[in-house]
Amino acid sequence: MRVDQFPKDIQPYLIPGPGGDLIYRCLNCQKEFGIRHLLYTCPDCGHVLLLYDTDFERLKKISGLMWRRIFDYRRMLNIPALNGIYRYHELIGPVLPLGAAVWLGEGHTPVVEANARLQKKAGIRFYFKNDGQNPSASFKDRGMASALSYIRYLLQQGYVSDVLAVCASTGDTSAAAALYASFLHPDVKSAVLLPHKRVTPQQLSQPLGSGAMVFEVPGVFDDCMKIVEHLSEHYNVALLNSKNAWRILGQESYSYEIAQGFEYDMAGKAVVAPVGNAGNITAIMSGFLKFHDLGIIEDLPRIVGVQSEHANPVYKYYLEPDPEKRCFEPVQVKPSVAQAAMIGNPVSMPRVIRLVEEYNRRAGRQKVFVEEVTEQQIMDWQLRANRNGHVVCTHGGECLAGLVAAKKSGKIAPDETAILDSTAHALKFADFQQMYFDDNFPAEYGIIPRDELVNAPELVCPDDLDKVPRPGLPLSGGDLSRFVQRIAEDIAMRLDLKKV
Ligand code: F0G
């Protein structure tokens with residue numbers, strides 16, 4: 001719809017221009033820094049940063065109701081820069097002109113309600129938000145759209161040139177980074193560091209296909225992270241991990257979309273997400289807090305982070321009920337089917353600690369929880385979900401297993417409605433499904449396949465068929481008829497079909 005076709009009072013707000021005043025703020029020493037330079041940690045004390053709009057109060061001149069109308073009407077525009085995360089421009093990147101926005105189709109992913117059968121099995125009403133339907137097939141595209149739009153802005157302003165973007169990754173960050181960087185090639189080139197043999201073949205194919213330089217490194221993700229941290233401290237590179245606070249801003253769009261998708265009614269809702277490096281849960285909390293602050297939502301939803309018992313540092317941290325006594329200890333990870341979240345020392349932990357405190361304070365009671373699940377539960381729930389119409393990967397399975405566990409432990413009430421983050425597409429992690437079907441998980445996973453969830457293809461080629469088609473050698477006439485009839489008979493027998 002064209003702008004002049006919208007109600008008169010909404011027209012001035014539809015297309016946002018640059019505004020606000022973004023700064024980096026250190027979560028430790030509270031020092032503030034301008035955004036003309038890419039910063040990842042505080043130059044003074046080395047702690048992580050977040051981006052804040054020092055002029056956020058200006059947004060409160062518009063009522064929460066009006067903001068809802070603005071976002072709802074923006075849905076009808078056909079302007080590429082506003083088709084993705086920048087529908088919420090004022091909250092995500094207010095200083096950026098729309099001409100800097102990179103949109104490759106990310107955002108506004110479907111929220112799909114589970115069928116009655118699966119909801120009954122889980123014992124609670126729930127939806128999956130399919131972030132695997134983003135362009136690189138994971139939620140990382142939200143943050144990458146933000147980080148690369150900012151880099152494009154710096155390029156356009158002449159503040160930087162010839163950017164080399166780097167990241168460490170368990171597979172999905174690198175896929176997204178390489179994809180978005182390739183859009184800005186040759187001004188931006190990308191290099192990714194992956195733990196050797198700890199990303200799936202599908203994930204590995206993604207940065208290779210996007211033309212990134214791909215380095216495989218011995219060890220696990222935490223080791224790769226240390227190396228890119230070293231690179232970003234000593235060399236002129238742009239770090240694209242979620243340590244980069246622009247990534248967090250973009251990922252806040254996930255919360256905004258959930259709110260908008262549920263008519264801004266967050267009462268009785270619980271948002272469930274897997275936790276690895278903890279960038280996602282940081283962004284989810286931050287997003288809901290901003291919407292709440294502006295009166296766009298009245299209630300803060302419950303938030304439940306889920307971790308595998310093979311990579312559970314955040315879960316362990318919150319096991320101690322007394323905040324004064326909590327002490328963060330990184331853990332040694334063990335192999336996990338939720339491999340992208342197999343992280344023992346999450347970079348965003350200081351952000352999580354800070355935001356959980358603020359979230360609970362603003363809600364007036366505890367509203368953020370962390371749940372732990374087993375590898376077996378992750379696989380079983382992933383396969384169950386996908387046998388009921390979903391396309392979740394192991395991390396989506398982790399969410400569903402976490403929902404069931406959280407309901408059992410009373411962290412979620414049975415009358416609540418949950419929205420589960422399907423963070424990546426099932427196809428990216430197809431190898432774990434295959435290991436389950438073939439019953440060949442290494443013992444350290446501790447996974448025993450359940451017969452009712454196992455599946456395998458059956459070759460249909462009856463012994464009495466002497467001629468079968470081959471590529472370039474099709475059958476015809478009587479040979480083809482006989483082939484069709486025999487194969488059909490065999491399938492009908494296996495399926496126990498009755499003749500009409
Ligand atoms: N789910 C998937 C599919 C992921 O790729 C990740 C993180 C997570 C969940 C956990 O999210 O780190 O924000 O807490 N993957 C990163 C990567 C670490 O390198 O792709 P988080």
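Remember, it's 1-based here, ligands and their atoms both numbered in the order they're listed.
On a distance-only criterion, Ala340 and ligand 1 share at least one N/O pair closer than 3.5 Å. By the 3.5 Å distance cut-off applied to N or O atoms, Cys393 is not counted among the residues near ligand 1. The shortest N/O to N/O separation between Thr170 and ligand 1 falls below 3.5 Å. An N or O contact shorter than 3.5 Å links Gly276 to ligand 1 by distance. Residue Ser174 has no nitrogen or oxygen atom sitting less than 3.5 Å from a nitrogen or oxygen atom of ligand 1, judged on distance alone.
Heavy-atom contacts of Ser169 reach the following atoms of ligand 1: 17 (C), 19 (O), 20 (O) (cutoff under 4.0 Å). Less than 4.0 angstrom separates some heavy atom of Asp172 from each of these atoms of ligand 1: 2 (C), 3 (C), 4 (C), 5 (O), 20 (O). If you number the atoms of ligand 1 from 1 as listed, the ones under 4.0 Å from a heavy atom of Thr423 come out as 1 (N), 2 (C), 3 (C), 9 (C). In summary, the atoms of ligand 1 found under 4.0 Å from a heavy atom of Ala424, numbered by their order in the structure, are 3 (C). Interface of Thr173 with ligand 1, defined as ligand atoms under 4.0 Å from a residue heavy atom, comprises 16 (C), 17 (C), 19 (O), 20 (O). Contact atoms of ligand 1 toward Gly279: 13 (O), 14 (O), 21 (P) (distance under 4.0 Å to a heavy atom of the residue). With ligand atoms numbered from 1 in the order given, ligand 1 contributes 14 (O) to contacts under 4.0 Å with heavy atoms of Val275.
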task = Take Arg125 and Glu113, measure what salt bridge (charged side-chain N to carboxylate O under 4.0 Å, His left out) needs, and give me the verdict at the end.
result = CA-CA 8 Å; Arg125 184 169 192 202; Glu113 183 168 7; 3.0 Å; yes

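Salt bridge annotation for Arg142-Glu257: present, with a cationic side-chain nitrogen under 4.0 angstrom from a carboxylate oxygen.
Note: Phe291 and Tyr88 have perpendicular aromatic rings, judged against thresholds of 30 and 60 degrees for the angle between ring planes. Aromatic ring pairs are classed by plane angle as parallel below 30°, tilted from 30° to 60° and perpendicular above 60°; the pair Tyr235 and His230 is tilted. Relative orientation of the Phe128 and Phe126 rings is perpendicular, given thresholds of 30° and 60° on the angle between their planes. Note: Tyr24 and Trp246 have perpendicular aromatic rings, judged against thresholds of 30 and 60 degrees for the angle between ring planes.
Atom 7 (C) of ligand 1 has as its closest protein heavy atom Lys140 NZ, 2.9 Å. Counting only heavy atoms of the protein, atom 11 (O) of ligand 1 lies nearest to Phe139 CZ, 3.5 Å. Of the protein's non-hydrogen atoms, the one nearest atom 13 (O) of ligand 1 is Asn280 N, 2.8 Å. Ranking the protein heavy atoms by distance from atom 12 (O) of ligand 1 puts Asn277 N, 2.7 Å first.
Heavy-atom neighbours of Leu208 CG from other residues, nucleotides or ligands within 6.0 Å: above the threshold of 12. When the shell of 6.0 Å around CD of Gln332 is examined, it contains 12 or fewer heavy atoms from other residues, nucleotides or ligands.
Residue contacts with ligand 1, taken as heavy atom pairs separated by less than 4.0 Å, do not involve Lys428 at all.
At least one heavy atom of Ala278 sits less than 4.0 Å from an atom of ligand 1. Residue Pro274 places a heavy atom less than 4.0 Å from ligand 1. Residue contacts with ligand 1 include Ile343, since one of its heavy atoms falls under 4.0 Å from the ligand.
Across every non-hydrogen atom of Ser336 and Glu375, the tightest pair is OG-OE2, 2.8 Å.
Using modelled atom types, no side-chain atom of Glu398 and backbone atom of Ile378 make a donor-acceptor pair closer than 3.5 Å. Side-chain N or O atoms of Asp322 include one that pairs as donor or acceptor with a backbone N or O of Glu324 at under 3.5 Å. Not a single donor-acceptor pair under 3.5 Å links the side chain of Glu106 to the backbone N or O of Pro135.
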